[in-house]
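Here's the structure, in structure tokens; my notes come after.
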Protein chains: 2
Amino acid sequence: MSITIKDIAKKAEVSYATVSRALTNHPEINEETRRKVLQIAHEMGYRPNAIAKGLVTKNSRTLGLIIPDITNPFLSEVAQGMGDYASQNGYQVFLCNCNWDVQREKEHLSKLLSSRVDGIVIAPVSDDISHILRHKEEIPIVFAAYKPNAEKCSFVTTEDVRNVSLAMEYLVKLGHKKIAYIGGPESNSADIARFHGYRSILEKNAIAMEPHYVIHDQYTISSGYRNTKQILENCDLPTAVLAGNDIVALGVIQAIEEFGLSVPGDISVIGFDDISYASLNKIQLTTIHQPKYKIGELSAKVLIDRIQNPEEKKDSYEILESKLIIRKTCRGISSY
Amino acid sequence: MSITIKDIAKKAEVSYATVSRALTNHPEINEETRRKVLQIAHEMGYRPNAIAKGLVTKNSRTLGLIIPDITNPFLSEVAQGMGDYASQNGYQVFLCNCNWDVQREKEHLSKLLSSRVDGIVIAPVSDDISHILRHKEEIPIVFAAYKPNAEKCSFVTTEDVRNVSLAMEYLVKLGHKKIAYIGGPESNSADIARFHGYRSILEKNAIAMEPHYVIHDQYTISSGYRNTKQILENCDLPTAVLAGNDIVALGVIQAIEEFGLSVPGDISVIGFDDISYASLNKIQLTTIHQPKYKIGELSAKVLIDRIQNPEEKKDSYEILESKLIIRKTCRGISSY
DNA sequence: ATAATGATCGTAAACGTTTACGAAGGGTGA
DNA sequence: TCACCCTTCGTAAACGTTTACGATCATTAT
């Protein structure tokens, strides 16, 4: 169908090995014939077949990125960071969205492996990553926004447990004791770490955990909304809620205000990620800032480094800093 | 390195053609030997090499999606829709983000072509799509959220000019005459259509266009903010602003409120797309709803249909409806 | 018994590249 | 002049599949 190296060879009256050499900047070729070949290739509108090339060279200059939800501002910014870095380094990325579905995560992983991408970065849906680790000898894998507790893994993330401490210590310092937790999917890695942090700070401050105050659901606005409503209608009112991330926090605020209460007047709300909408003056969400773009960028860097230096250490990682951003959805309360 | 068909053949004591037949559900094979081969393949952890397969079958079960900005909620939802549909039909999508950079769009297009994806859907950065059309004989291409004015093109979009009419007629009906337009990148397809609509409704209602009221910049919050500030500080105040999309509108509102004015008290604001944040009760943005997910889904459908029935018409398209969502950022004014 | 048929499988070519190896030719030094 | 080397190029194998074609064998019909 399309033009191949042989077509060019015929027209240029050289062997097709020579054409290949011309196209790949191989040194063993006369400069003049190279120019001639390139000229003809260009005239004929030749486009190299990356598939065939990949078959013999065993690399595709292609990376895979698997994320739970492309619609999530945190993750899409991670994807952007990775895409930019990859692009600048001559790699292209296969972005795969699995809609919080582990099954689809597996399918994507499998297809990526079949496609022989050069490496994969993944923000796992679930904390059970055994199906991922199974392939870490076949192909370079780096975890993004997740810290696997396994040997010899690459990852780049922030320290989620510590992040939560930032938020929780702040809340406690403000005098809050009745703090609800509205997180993400129960088996999700981020949720597990954040919930763990939530519990440990509670313990540390000798505050009993109220089971009705903790809910694991989805990382969506409507989940935050729905579950907050549920708490408001059925429980003793909390004085603060720690949302699993910013979009959940937006739903939480929505529910509180619809319930006739005010944020932070009656209930304080703190989020996670610091998405761009959080800083709007209509929102002014107090939250934990995460270096989203940087996470994506560094994930790509760590991955590409590992691809290009396969013999080096297999467990390079980066732990980035996050910080508390105090805006206007939390306030101090008098302890009584 | 990894296990090939030949390794299986050796172990199963058959030819590798037989192995291939077993793996591809070919009819010309004994059911018993198929089972044996599949069993061994599974035991050995065989993973088909999609590259090699693609070389001979000439298709990769892979689609490309090129969008200007993955961070944009409109576009990420389009991507989600496309990904879901593709996934359900056994295709995987190569999502490429070009950060509003035409150069990167070209690079991605070129790499996608080299990778021999089966088809491409693209939401073009610029209204100049000649570099894209050049390839429409080589590979099925469908435009998403864009209506190309060229022959024999597939696309799925809403009618942007009509969408703007919805917004502008509403504004005019409310009594607004001094309407600012803060749009996207000047050469961007959506911006061109929307601006065109803006002008024609102005004309239709015999309202002179005030040049200082029209600004083309980026589709970001900060662009909306920056340019609105610019107008507020230097011009006669408009009574309404038509924002290029919802995130721009958020920036617009931000600027107006920081300027000490209120929305819609002093200035009405109308957006575009109806992103999920627009319906928050803190925001309540009046906007034009677009079927984002549906656009992605249908783009994938149209593309896959064309891939699977190459002989059919090459210009299948879908034009979806959008609608005005009246919330609380616009109000009527008395004409004087 | 013989021919025809159908099921099952193997052989080999093909897909479009890269690359190891060897060959040819010209240049250089002694 | 001869031996050697370097540059440049062609031949052919390899990458891991699919698939057209032919071969074999058993089954069936005549």
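Letters A, B, ... are given to chains in the order of the sequence lines, protein chains preceding strands, and every chain is numbered from 1. What you see below is based on every heavy atom in this structure, not just the backbone, and it leaves out hydrogens, waters and symmetry mates.
Between the side chains of B:Arg306 and B:Ser154, a donor-acceptor pair is found at a separation under 3.5 Å. Side chain to side chain, A:Asp84 and B:Asn99 meet the donor-acceptor criterion of an N or O pair below 3.5 Å. Between the side chains of B:Ser126 and B:Asp128, no donor-acceptor pair is found at a separation under 3.5 Å.
Contact between the side-chain N/O atoms of A:Lys58 and the OP1/OP2 oxygens of D:dG16 is found at a separation under 4.0 Å. Distances shown here put a side-chain N or O of A:Thr33 below 4.0 Å from the OP1 or OP2 atom of D:dC9. Within the 4.0 Å cut-off from OP1 or OP2 of C:dT8, at least one side-chain nitrogen or oxygen of B:Asn30 is found. Note on B:Tyr46: a side-chain N or O is less than 4.0 Å away from OP1 or OP2 of D:dT17. Dashed line: the shortest gap from a side-chain N or O of B:Ser20 to OP1 or OP2 of D:dT18 is under 4.0 Å.
For the pair A:Asp7 and A:Lys11, the salt-bridge criterion is not met [side-chain N within less than 4.0 Å of a carboxylate O]. Using a 4.0 Å cut-off between a side-chain N of Lys or Arg and a carboxylate O of Asp or Glu, B:Arg35 and B:Glu32 do not qualify as a salt bridge.
Taking the six-membered ring for Trp and thresholds of 30 and 60 degrees, B:Phe94 and A:Phe94 have nearly parallel ring planes, at less than 30 degrees apart.
Between A:Glu105 and A:His131 the shortest side-chain heavy-atom distance falls below 4.5 Å.
For A:Thr4, whose side chain is taken as the heavy atoms from C-beta onward, the closest listed nucleotide among D:dC9, C:dG16, D:dA12 is C:dG16. Taking every side-chain heavy atom of B:Thr18 into account, C:dC9 is the closest of C:dC9, D:dT18, C:dG16. Nearest to the side chain of A:Val56, among C:dT17, C:dA12, D:dG16, sits C:dT17. Closest contact between the side chain of B:Val14 and the listed nucleotides C:dT17, D:dT18, C:dG10 involves C:dG10. Of all nucleotides listed (D:dA12, D:dG16, D:dT18), D:dT18 comes nearest to the side chain of B:Ile5.
Atom C1' of nucleotide D:dT8 and atom CD of A:Glu31 are separated by 13 Å, given to the nearest angstrom. At whole-Å resolution of the value, CZ in B:Arg34 and P in C:dC9 are 10 Å apart. When the C1' atom of C:dC9 is taken as reference, atom OH of B:Tyr16 falls 13 Å away, rounded to whole Å. The distance between atom NZ of B:Lys53 and atom C1' of C:dT17, rounded to the nearest whole Å, is 21 Å. In this entry the distance linking CD1 of A:Ile8 with P of C:dT18 reads 11 Å, nearest Å. Atom CD in B:Glu13 sits about 15 Å away from atom C1' in C:dC9, given to the nearest Å. Atom-to-atom, CG of B:Leu55 to P of D:dC15 comes out at 14 Å; the value is rounded to the nearest Å. Nucleotide C:dA7 holds its C1' atom 12 Å from the NE2 atom of B:His26, rounded to whole Å.
Summary of helix geometry: the two end axes of the helix from C:dA1-D:dT30 to C:dA30-D:dT1, each defined by five base pairs via their C1' atoms, are inclined to each other by 50° (rounded to 10°).
With DNA chain C read from its 5' end, the first of the two nearest nucleotides for A:Lys6 and B:Ala17 is the one closest to B:Ala17.
One N or O donor and one acceptor, one from the side chain of A:Arg21 and one from the base of D:dG10, sit under 3.5 Å apart.
Of the candidates A:Asp118, A:Val117, A:Ile307, A:Asn59 forms a side chain to side chain contact (heavy atoms under 4.5 Å, CB included) with just one, namely A:Asp118.
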